[in-house]
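The structure under discussion appears below in the form of structure tokens.
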Amino acid sequence: MGISVEEWAWSVRAGDVRAISRAISAVENHAPAAEELLRILFPFTGKAYLSGMTGAPGTGKSTLVDRLAAFYRKRDERVGVIAVDPTSPYSGGAILGDRIRMQGHAGDDGMFIRSMATRGFLGGLARATAEVALLLDAAGKQQLIIETVGVGQDEIDIVRLADCVMVVMVPGLGDDIQNMKAGLMEIADIFVLNKSDRDGADRLHQQLDAMLSLVMPRDGWHPPVVPTVASENRGIDVLAATIDKFREHFAARGERESKHLEYWKKRLVEMLQSRVIDKFLGGRAGQALLTQLAGEVAARRMDPFTAVNAIVARTEHV
Ligand SMILES: Nc1nc2c(ncn2[C@@H]2O[C@H](COP(=O)(O)OP(=O)(O)OP(=O)(O)O)[C@@H](O)[C@H]2O)c(=O)[nH]1
Ligand SMILES: [Mg+2]
């Protein structure tokens, strides 16, 4: 393709769907051009509001995201959706579902939906997701929504990136709150009680309220519980209003800035780590050296400190 990275970046900023899609693929593949592209685009980011939607498989996250996105579109806001792990076993490959969703928004260039599979990302899924969010931010999307199944540390890392974290719960899914991953409980800014048309919704609501009343408010914010029936588009307006309220609450207290500061501290260290590892252990020779030294250490023929010194020394006279 005969265009410069500058031109490419310009097309992304203009919201060109093909340019954005190509940029996302470049980021996913860790293509050399991706870094340059992100560098050019970075000054134009930082405007989007990022919401994360997580929860157990099949709780209705995609349906919620879809309805919320439609709600924002009605408010005339440009929306980007990143669906991570679209292949959860529950729905047997929601990529199909995402295609159907996309069709529902076909022809609407204020809406961009992208699915990302969870396996095989160089430098980790959280890195790729964060960079895709930057791209969509630069492309002028005002509301970004990330959907991820709340199962592992990877997913928690992803939603941590969000300005507002929503944890979706449903009645009848072993509705003991104790079953919930403690890590998820802690990061929730808003609890969405979806499928509240089902039996047990009231009980779960009471349980959540009781549990939350024991939790100290974080920075003056008590995570509220918002009942929804996503499949019938019920409660979405209240959910959107609650997100707005949270956004205002934190903007007023400067919390968003300090959250971003913490985030970038962590990100810069991660980037430095991968740069350093590349430098010292990059390429086939680096990997061979690592294997050889690890063998020496495992066999107790060398201590690990000497091994690390040997790795560093090798690069010093390259
Ligand atoms: N009864 C009821 N069903 C719902 C509601 N919201 C979503 N569903 C249904 O629940 C099923 C799962 O919905 P999804 O939106 O795919 O759930 P998900 O959490 O994205 O699923 P995964 O991405 O596979 O983890 C679908 O059949 C939805 O139609 C609701 O509020 N009430
Ligand atoms: Mg889904």
Side-chain angles (χ1 to χ4, degrees), residues 50-73 79-105 111-119 125-126 128-129 132-133 143-159 162 164-175 179-181 183-185 187-188 190-205 208 224-240 242-243:
L50 186 57
S51 300
M53 182 87 70
T54 190
T59 46
K61 299 177 296 296
S62 295
T63 316
L64 280 162
V65 168
D66 186 46
R67 297 303 167 104
L68 196 57
F71 186 91
Y72 288 142
R73 287 302 294 139
V79 181
V81 172
I82 308 169
V84 183
D85 189 14
T87 48
S88 107
Y90 184 87
S91 48
I95 286 187
L96 185 62
D98 286 332
R99 290 228 180 90
I100 293 163
R101 277 201 284 167
M102 275 183 258
Q103 278 165 12
H105 300 281
M111 178 87 157
F112 188 96
I113 304 173
R114 177 71 168 223
S115 296
M116 291 171 67
T118 47
R119 303 283 166 254
L125 180 64
T129 314
V132 171
Q143 295 281 358
L144 295 183
I145 316 173
I146 296 183
E147 172 194 344
T148 166
V149 178
V151 280
Q153 188 56 44
D154 246 10
E155 284 71 19
I156 289 181
D157 283 348
I158 291 168
V159 290
C164 176
V165 176
M166 287 171 271
V167 172
V168 185
M169 309 203 56
V170 296
L173 240 193
D175 52 11
N179 284 345
M180 228 186 126
K181 294 257 183 318
L184 275 186
M185 262 349 233
I187 58 169
I190 298 170
F191 286 94
V192 184
L193 204 170
N194 193 42
K195 306 199 184 183
S196 61
D197 54 326
R198 289 202 174 159
D199 283 350
D202 289 342
R203 201 175 131 244
L204 177 59
H205 198 160
L208 271 168
V225 181
V226 180
T228 56
V229 185
S231 51
E232 291 168 25
N233 208 15
R234 269 158 51 198
I236 303 302
D237 47 349
V238 179
L239 181 59
T242 309
I243 297 167

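Reckoned from all heavy atoms, side chains included, excluding hydrogens, waters and symmetry mates. We count ligands from 1, going down the list as the structure has it; atoms in each ligand are counted the same way. All residue numbers in this chain count up from 1 along the given sequence.
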Any N/O/S atom, side chain or main chain, of Ser62 closer to the Mg ion (ligand 2) than 2.8 Å?
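Of the N, O and S atoms in Ser62, at least one lies under 2.8 Å from the Mg ion (ligand 2), which means yes.
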Can you establish whether the number of heavy atoms outside Asp197 located under 6.0 Å from its atom CG is more than 12?
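Counting other residues, nucleotides and ligands, CG of Asp197 exceeds 12 neighbours.
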Can you name the closest pair of heavy atoms from [X] and [Y] and give their distance?
{"X": "Ser51", "Y": "Ala162", "answer": "C-CB, 3.9 Å"}
{"X": "Arg198", "Y": "Pro171", "answer": "CB-CG, 3.9 Å"}
{"X": "Ala133", "Y": "Leu144", "answer": "O-CD1, 3.4 Å"}
{"X": "His205", "Y": "Pro227", "answer": "CE1-CG, 3.8 Å"}

Geometric N/O contact [X] with ligand 1, under 3.5 angstrom:
{"X": "Asp197", "result": "yes"}
{"X": "Ala230", "result": "yes"}
{"X": "Gly60", "result": "yes"}
{"X": "Gly58", "result": "yes"}

Nearest to the Mg ion (ligand 2), which N, O or S atom of Glu147 do we find?
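So the atom name we want here is OE2.
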Selection residues 226-236 - residue pairs positive for salt bridge (charged side-chain N to carboxylate O under 4.0 Å, His left out), sequence neighbours left out:
Glu232-Arg234
Backbone, side chain, both or neither: what part of Glu147 comes under 4.0 angstrom of ligand 1, heavy atoms only?
side chain
Would you kindly specify which portion of Leu64 sits under 4.0 Å from ligand 1, judged on non-hydrogen atoms: side chain, backbone, both or neither?
neither
Proximal ligand 1 atoms for Pro57, defined as those under 4.0 Å from one of its heavy atoms
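Matching atoms, with element in brackets: 25 (O).
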Give the numbers and elements of all ligand 1 atoms closer than 4.0 Å to a heavy atom of Val229.
30 (C), 31 (O), 32 (N)
Minimum side-chain heavy-atom gap Val168-Asn194 below 4.5 Å
yes
So do Met166 and Ile243 actually touch side chain to side chain, heavy atoms under 4.5 Å?
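When only atoms from C-beta onward are counted, Met166 and Ile243 do touch, with a gap below 4.5 Å.
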For atom 18 (P) of ligand 1, which of the options Met53, Lys61, Lys195, Glu232 provides the nearest non-hydrogen atom?
Lys61
